Amino acid sequence: MPATHPRRILVTSALPYANGHIHLGHLVEYIQTDIFVRFQKLRGQRAIYLCADDTHGTAIMIRAKAEGRSEQELIAAMREAHLADFADFQIAFDHYGSTDSPANRRLCGEIWQSLRRRGLVTSRDVTQLFDPVAGVFLADRFVRGRCPRCDAADQYGDSCEQCGATYSPADLVDPRSTLSGAKPEERSAEHLFVTLEAMHGFLDEWTRASGALDPRVANYLIGHFLGEPLRDWDISRPAPYFGFEIPDAPGHYWYVWFDAPIGYLAATSEWCAAHGESFDAWWRRGGTNEPPAEIHHFIGKDITYFHTLFWPAMLEAAELSLPTRVRIHGFLTVNGQKMSKSRGTFLLARTYLDHLDPGMLRYYYAAKLSGGIDDIDLNLPEFAAKVNADLVGKVVNLASRTARWLEKTGLSARYPDDGGLFAHAAADGTEIAAAYEACDFARAMRAIMLAADRANLYVDTEQPWKLAKAGPEAAAKLQDVATVAINLFRQLAVYLAPVLPKFATQVGELVGGPIGSWEQSQQPLTAAPVGTFIPLMRRVEAAQLEALLSQSSEQSRETSPGVPAVESQPSAQPSPATDRPGDSGDALAAEPLAPTCTIDDFAKVDLRVARIIMAEEVPEAKKLLKLTISLGGDVTRTVFAGIKGFHAPEALVGRLVVVVANLAPRQMKFGLSEGMVVAASGAGAQGVYLLSPDSGALPGMRLH
RNA sequence: GGCAGCGUAGCUCAGUUGGUUAGAGCACCGGCUUCAUAAGCCGGGUGUCGCCGGUUCAAGUCCGGCCGCUGCUACCA
């Protein structure tokens with residue numbers, strides 16, 4: 001519980017790059033951070049959540065040029081889009097800045113002077129490929145050519161995707177710039193470096209002993225960087241570059257990764273200016289009489305070393321406060337694989353919002369995040385099941401099934417005997433809070449759902465619907481039972497408030513007023529009016545998920561020219577089939593075409609002709625027939641096929657069908673199924689139609 | 001190629017410093033309930049804890065090797 005002096009907690013998320021829109025992968029971090037900050041505020045701590053757009057660098061410069069507008073116009077437009085996405089996902093920054101701001105320029109200058117004073121800046125020439133037409137130096141990925149080892153065409157400047165060779169861009173055969181198509185030339189330019197090795201002792205100590213890092217991360221750093229002399233960090237880029245020109249080195253610009261983390265400081269500075277606070281009190285060591293502010297950075301594992309080596313070194317050199325904790329999370333996969341435009345799983349925040357409630361994603365992520373650096377998977381069928389079961393079926397349903405009894409009477413004047421349920425859940429608050437504090441939100445959600453289970457069991461046991469029918473003499477008992485249920489419901493809403501802020505607000509409107517303090521979970525409400533219950537959250541339907549994926553696929557086709565558009569297929573010729581009566585587009589419309597797959601994808605599926613040699617009823621099964629099929633010779637398989645009712649077993653024996661022969665065997669209730677018989681179905685689901693090859697085909701033949 | 005993480009029930013995952021009979025949710029089956037958004041409650045069983053070896057009285061847990069999956073690969077590593 002907050003003592004007389006609340007903790008001061010400064011929290012950041014990594015700055016999103018102004019080169020693209022927010023997607024569901026980004027949101028893992030912003031939602032995680034937002035939950036942490038909201039939790040701290042609910043507990044009465046003084047927490048501030050700061051972030052900003054990361055706006056500088058070559059990529060922004062090139063994109064602005066390609067779009068024929070200034071960098072400032074580009075980043076302003078992207079900022080607006082980012083802010084709208086964050087707001088709609090209920091991510092509540094206390095301040096959202098930009099690295100392209102006067103405050104950031106000033107602070108970059110100050111840090112830079114600290115590095116200079118300490119003699120940590122040096123310079124030397126660096127040779128890079130230069131695009132003479134576009135007039136810019138080229139990163140490896142902006143150069144393509146033939147592999148010097150295997151001669152594969154169209155390879156990136158650093159490694160060959162065909163043979164795996166690694167090399168430098170200058171080794172490529174016939175290199176060309178992906179920006180202009182011009183042949184790049186080698187140019188040498190002076191770069192400025194920070195001599196990190198001078199900070200080696202400090203970093204060793206900080207990594208090991210500060211407690212800011214998970215031991216696994218500390219081990220990683222010790223094993224990979226701190227075990228040998230640290231390389232100089234190339235901190236400048238020659239013109240042309242979109243960024244801040246270095247004041248004492250005209251023609252040189254700070255590299256984007258220098259000014260990006262300083263954006264945390266700039267955001268603090270701007271927030272302080274707007275709220276009459278002192279920057280020094282938050283970042284300067286010994287800047288106040290208060291205990292030092294805590295500084296928590298939330299980042300993805302990909303930018304670990306920027307935040308655990310370069311950034312602490314910069315802060316140390318500038319004598320600013322060091323991070324209390326660097327909280328590192330993994331990446332998001334969708335349905336078990338990385339987000340992919342061609343699979344339609346590269347899900348933008350905005351696309352999600354077009355179809356689904358943001359609170360649901362916040363809850364799902366919370367239920368998956370345990371504070372570690374493991375990747376988390378967004379499995380869409382599981383997402384629907386979890387949201388429907390936990391939020392709709394357990395939590396919201398609790399009010400849905402009891403609030404109506406209290407509309408006229410309000411809560412009982414005294415809190416009834418609930419068998420210790422409220423006190424039990426109030427005591428759970430300690431463990432739930434500890435889990436939130438440790439960013440083990442998954443554990444917090446499990447504990448909260450257990451409390452929800454107990455509450456539902458209570459309602460089930462007390463059977464208020466019977467009391468309602470029992471007449472006036474049971475009215476007091478009915479009011480008491482509903483009072484308990486609604487109190488337990490509101491208690492859950494307090495615990496869930498960091499995850500579901502909008503839901504908590506709505507619950508406050510239903511009963512008891514605004515939820516603003518963790519303490520509200522500790523005392524039941526009495527004699528308060530109860531509003532009319534309106535459904536607070538709708539179930540997720542499969543159709544919504546399909547619509548989400550299908551819209552995402554369309555967007556990807558529009559925006560990624562590398563993926564052939566379905567529309568580009570020559571389909572204008574009238575097809576004989578479309579002239580047939582009854583051949584409507586219903587079936588196609590009911591199940592839109594799957595995303596494009598390659599011939600390699602198709603080759604993974606081994607389709608074979610097979611002969612059904614036995615077909616048996618499975619008495620207990622509603623849909624299944626047990627088939628024994630032959631792939632030729634004495635190779636037979638047992639397959640359970642969902643065709644009962646559409647085909648008589650005896651009519652199937654001897655018939656040729658097509659099977660997926662390399663499908664992973666699946667244990668079904670009635671036995672192991674070792675393949676799948678291919679059949680057509682869909683639209684109206686009027687039937688299931690087996691495929692047959694033309695006569696002459698033999699078992700074992702593969703479909704190509 | 002380099003680096004990292006993971007591998008526990010059909011699926012998604014928990015399993016504290018090694019310590020009884022390895023757990024939860026979902027899915028599935030049966031029963032109850034009918035207030036509630038096809039919601040709720042009870043019961044049911046399922047595991048060579050990826051494989052091989054080692055340390056130990058004791059290994060899902062520690063060590064080594066192998067296999068598989070996933071992610072990252074930025075002017076860097």
Side-chain angles (χ1 to χ4, degrees), chain A residues 17 25 57-59 126-129 137-143 156-161 163-169 191 216-217 219-220 223-225 228 231 233-234 236-237 255-257 300-306 309-310 330-333 336-339 364 367-368 370 372-379 381-386 388-405 440 442-443 445-446 449-450 452-453 455-469 478 481-482 485 533-539 620 664 666-669:
Chain A
Y17 201 42
T58 311
V126 171
T127 301
Q128 271 187 283
L129 290 182
F137 284 94
L138 296 166
D140 287 356
R141 68 199 162 99
F142 289 123
V143 185
Y156 283 111
D158 53 350
S159 64
C160 173
E161 289 178 322
C163 73
T166 56
Y167 39 79
S168 87
H191 284 222
R216 282 191 291 179
V217 174
N219 279 338
Y220 159 73
H224 289 84
F225 301 101
E228 54 192 64
R231 295 193 198 176
W233 182 27
D234 186 348
S236 79
R237 297 297 179 267
Y255 174 45
V256 58
W257 262 111
K301 64 185 182 183
D302 52 329
I303 55 177
T304 298
Y305 84 147
F306 288 102
L309 296 178
F310 297 167
F331 295 109
L332 180 73
T333 56
Q337 293 179 293
K338 77 169 167 178
M339 296 201 296
Y364 184 77
K368 289 263 175 177
S370 55
I373 60 176
D374 298 336
D375 292 349
I376 69 169
D377 186 43
L378 169 59
N379 180 285
E382 192 212 14
F383 166 83
K386 193 154 194 63
N388 289 344
D390 289 358
L391 293 184
V392 181
K394 284 178 186 167
V395 177
V396 174
N397 190 224
L398 198 54
S400 178
R401 63 197 302 206
T402 55
R404 51 189 293 233
W405 315 118
D440 191 349
R443 190 152 59 90
M445 295 308 107
R446 280 196 298 274
M449 287 310 139
L450 281 179
D453 285 344
N456 275 303
L457 177 55
Y458 171 84
V459 175
D460 220 64
T461 307
E462 297 298 330
Q463 303 182 316
W465 55 93
K466 287 193 176 163
L467 298 171
K469 287 172 188 161
L478 175 64
V481 169
F533 178 82
I534 47 163
L536 299 174
M537 205 173 281
R538 301 259 172 216
R539 295 174 58 79
E620 313 93 295
R666 185 177 172 88
Q667 185 62 48
M668 307 188 75
K669 190 179 177 190

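From a predicted model like this one, the values you see are computed outputs, not experimental measurements. Below, chain A is the first sequence line, B the second, and so on; all start at residue 1. When reading the values below, keep in mind they use all heavy atoms of this one structure, side chains included, and skip hydrogens, waters and symmetry mates.
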Evaluate salt bridge (charged side-chain N to carboxylate O under 4.0 Å, His left out) for Arg401(A) paired with Asp460(A), printing each intermediate quantity in order.
CA-CA 10 Å; Arg401(A) 63 197 302 206; Asp460(A) 220 64; 3.5 Å; yes
So what does [X] touch, heavy atoms closer than 4.0 Å: a base, only the sugar-phosphate, or nothing?
| X | result |
| --- | --- |
| Thr461(A) | nothing |
| Pro535(A) | base |
| Val396(A) | base |
| Met537(A) | base |
| Leu536(A) | base |
| Tyr305(A) | base |
| Ile303(A) | base |

At under 4.0 Å, does any side-chain N or O of Lys368(A) touch on OP1 or OP2 of C13(B)?
yes
Sticking with atom [atom1], work out how far [N] lies from [M], rounded to a whole angstrom.
| N | M | atom1 | answer |
| --- | --- | --- | --- |
| C75(B) | C49(B) | C1' | 45 Å |
| G5(B) | C57(B) | P | 31 Å |
| G23(B) | G45(B) | C1' | 14 Å |
| G25(B) | U20(B) | C1' | 25 Å |
| C26(B) | G19(B) | C1' | 31 Å |
| C62(B) | G18(B) | P | 8 Å |
| A9(B) | G2(B) | C1' | 36 Å |

Which nucleotides of nucleotides 39-46 of chain B have their base under 4.0 Å from a protein heavy atom (B), which only their sugar-phosphate (S), and which neither (-), written as one string 5' to 3'?
SBS-----
Spell out, as yes or no, whether a donor-acceptor pair under 3.5 Å connects the side chain of Asn388(A) to the backbone of Ala384(A).
yes
Below 4.5 Å, heavy atoms only, C-beta onward: do Thr58(A) and Arg237(A) meet side chain to side chain?
no
Quick check: do Pro464(A) and Val459(A) have side-chain heavy atoms less than 4.5 Å from each other?
yes
To the nearest Å, how far apart are [X] [atom1] and [N] [atom2]?
| X | N | atom1 | atom2 | value |
| --- | --- | --- | --- | --- |
| Leu332(A) | U70(B) | CG | C1' | 13 Å |
| Arg237(A) | C75(B) | CZ | P | 8 Å |
| Met449(A) | G25(B) | CE | P | 13 Å |
| Trp233(A) | C75(B) | CH2 | C1' | 13 Å |

Kindly determine whether Asp377(A) and Thr333(A) satisfy side-chain hydrogen bond (donor to acceptor under 3.5 Å, both in side chains), including the steps that lead there.
CA-CA 5 Å; Asp377(A) 186 43; Thr333(A) 56; 2.7 Å; yes
Watson-Crick or G-U stems of RNA chain B, 3 or more pairs, under 3.5 Å, by first number:
B:1-7 with B:67-73, B:10-13 with B:23-26, B:28-32 with B:40-44, B:50-54 with B:62-66
